[in-house]
Trainee: 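Here you go, one structure.
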Amino acid sequence: MYDQYNRKIDYLRISLTDRCNLRCKYCMPGDIETTDMENLLTYEEIVQVTEAAAALGIRHIRLTGGEPLVRRGCVDLVEKIKNVSGIETVGMTTNGVLLAEYAKALKEAGLDSVNVSLDTLDETEFQRLTGRDELNAVLAGINAAKEAQIPVKINTVHYQHLDWKSILDYTNRVQIPVRFIEMMPIGFGKQFPFQDEESIKAVLEEAYGPMHAVNERYGNGPCHYYEIAGFKGKIGFISAMTHKFCSQCNRVRLTSEGFMKGCLQYQKGTDLRGLMRGGCTDSELKKAIY
Ligand code: SAM
Ligand code: SF4
């Protein structure tokens, strides 16, 4: 499907829940008020939206949250979504805490890739940043995903204690691509000093030598990659603030409560849950999606 700016939209991010087992300071520090389960889309409703979206041209799905793996039954959902006609890939973005438990089953269910968010390899800093002592669980999750042969990427948000050296040593050693993500001034992210892509690149180049842009694309997202001579893992940047990629945006988003949004920055969206629970037809649902 094409949007009003003539961009081809073939990627849908689905948030399964607003709950999480970590408390990252830039996302959900402290305890948050979570929505009642009955307000979340059921898995049947998520599949119903996916079928309608696939009929409109959506080909790639990414499951996210909150933390997708804390919602019970999410492995079965992966399998159901993978079986929707027209859907080519199903990926997941996770903090990795529960990945060791689910990696094998996720692979069997058809999961095509997993992005694990990991901002530091220092145990004390991990606990300070995320409020939980789960670094080893995350690392075990990454190993389990690799063992299950699910392609893994690491997502690292820039913040003032950015542990770039340990992150790069690690991703080079385990041969996983890493993507450095500019902090967006949304929610609690607004309270963090901003570090742009250029400042991270300058530090990396000083330490490791020149970075060369890679033209191939990996995955379906807005990331641009570099190589450094001798490095095995690719190094990417997702820089929503300094390298605006709105003109190439190919995605829409479904919130856990069933609002379809064209952009992460939009406050609301179209209430698909209300429509489905009101007994809408397939064509009414498709019209509301696009
Ligand atoms: N809980 C999962 C995780 O952490 O991967 C999935 C949801 S989390 C919201 C998805 C990604 O958004 C994570 O990589 C996280 O670091 C990133 N994120 C959260 N707040 C952000 C912000 N203000 N700016 C940029 N990225 C942010
Ligand atoms: Fe949870 Fe992900 Fe937000 Fe961290 S970034 S609090 S892991 S949802």
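Every number for a ligand or one of its atoms is a count from 1 in the order of the listing. Below, each value reflects all heavy atoms present in this structure, side chains not excepted, and no hydrogens, waters or symmetry copies.
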Trainee: Nearest to atom 1 (Fe) of ligand 2, what protein heavy atom do you find, and at what distance?
Mentor: C20 SG, 2.3 Å
Trainee: How close do L285 and L272 get, heavy atom to heavy atom, and via which atoms?
Mentor: CD1-CD2, 4.1 Å
Trainee: Please tell me whether Y43 and L40 are part of a single hydrophobic cluster in this structure, the criterion being side-chain heavy atoms less than 4.5 Å apart.
Mentor: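 Y43 and L40: separate clusters.
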Trainee: Pairing donors with acceptors under 3.5 angstrom, does anything connect the side chains of N95 and E67?
Mentor: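 Note: N95 and E67 side chains meet the donor-acceptor criterion.
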Trainee: Only heavy atoms of M28, strictly under 4.0 Å: list the atoms of ligand 2 that pass.
Mentor: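 What qualifies from ligand 2 is 6 (S).
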Trainee: With a cut-off of 2.8 Å, does C27 place any N/O/S atom under that distance from atom 3 (Fe) of ligand 2?
Mentor: yes
Trainee: Strictly less than 4.0 Å: does any protein heavy-atom distance to atom 23 (N) of ligand 1 fall in that range?
Mentor: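 So atom 23 (N) of ligand 1 has protein heavy-atom neighbours under 4.0 Å.
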Trainee: Keeping R253 on the side-chain end and K261 on the backbone end, is there a donor-acceptor pair under 3.5 Å?
Mentor: no
Trainee: Does the distance from a Lys or Arg side-chain N to an Asp or Glu carboxylate O, for E108 and K104, drop under 4.0 Å?
Mentor: yes
Trainee: Within the structure, does at least one protein heavy atom fall under 4.0 Å of atom 5 (O) of ligand 1?
Mentor: yes
Trainee: So, R62 and S113: side-chain donor and acceptor under 3.5 Å apart, yes or no?
Mentor: yes
Trainee: Under 4.0 Å between a Lys/Arg side-chain N and an Asp/Glu carboxylate O for K165 and D169?
Mentor: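 Yes.
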Trainee: Regarding ligand 1, does G66 bring an N or O atom to under 3.5 Å of one of the ligand's N or O atoms?
Mentor: yes
Trainee: Below 4.0 angstrom from a heavy atom of N95, which ligand 1 atoms are there? Numbered from 1 as shown, please.
Mentor: 2 (C), 3 (C), 5 (O)
Trainee: Nearest protein heavy atom to atom 20 (N) of ligand 1, by residue and atom, and its distance?
Mentor: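 Residue, atom and distance for the closest contact: Y26 CD1, 3.5 Å.
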Trainee: Is S117 close to ligand 1, meaning an N/O of one under 3.5 Å from an N/O of the other?
Mentor: yes
Trainee: What about the rings of Y225 and F237, do their centers lie closer together than 6.0 Å?
Mentor: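 No; F237 has its ring centre 6.0 Å or more from that of Y225.
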Trainee: Verify the distance criterion only: is there a donor paired with an acceptor across the side chains of N172 and Y208 at less than 3.5 Å?
Mentor: no
Trainee: Show which atoms of ligand 1 fall inside a sub-4.0 Å distance from at least one heavy-atom site of E182.
Mentor: 25 (C)
Trainee: Say whether D196 and S199, considering side chains only, have a donor N or O and an acceptor N or O under 3.5 Å apart.
Mentor: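 Distance-only check passes for D196 and S199.
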Trainee: Counting only nitrogen or oxygen atoms and a 3.5 angstrom limit, does E67 reach ligand 1?
Mentor: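 Yes, there is a polar N/O contact under 3.5 Å.
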Trainee: Looking only at N/O atoms, are T94 and ligand 1 under 3.5 Å apart anywhere?
Mentor: yes
Trainee: Over all heavy atoms of both residues, which pair between S85 and A54 is shortest? Give the atoms and the distance, please.
Mentor: O-CB, 3.4 Å
Trainee: Against heavy atoms of T64, which atoms of ligand 1 measure under 4.0 Å?
Mentor: 6 (C), 7 (C)
Trainee: Looking only at protein heavy atoms, which one is nearest to atom 10 (C) of ligand 1, and what is the separation?
Mentor: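 The protein heavy atom lying closest is T93 CG2, 4.0 Å.
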Trainee: May I ask whether G66 places a heavy atom under 4.0 Å from ligand 2?
Mentor: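 A heavy atom of G66 does come that close to ligand 2.
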Trainee: Is C24 close enough to atom 1 (Fe) of ligand 2 to have an N, O or S atom under 2.8 Å?
Mentor: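 So C24 does not count as coordinating atom 1 (Fe) of ligand 2.
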Trainee: Just need the protein heavy atom nearest to atom 17 (C) of ligand 1, so name the residue and atom and give the distance.
Mentor: V157 CG2, 4.2 Å
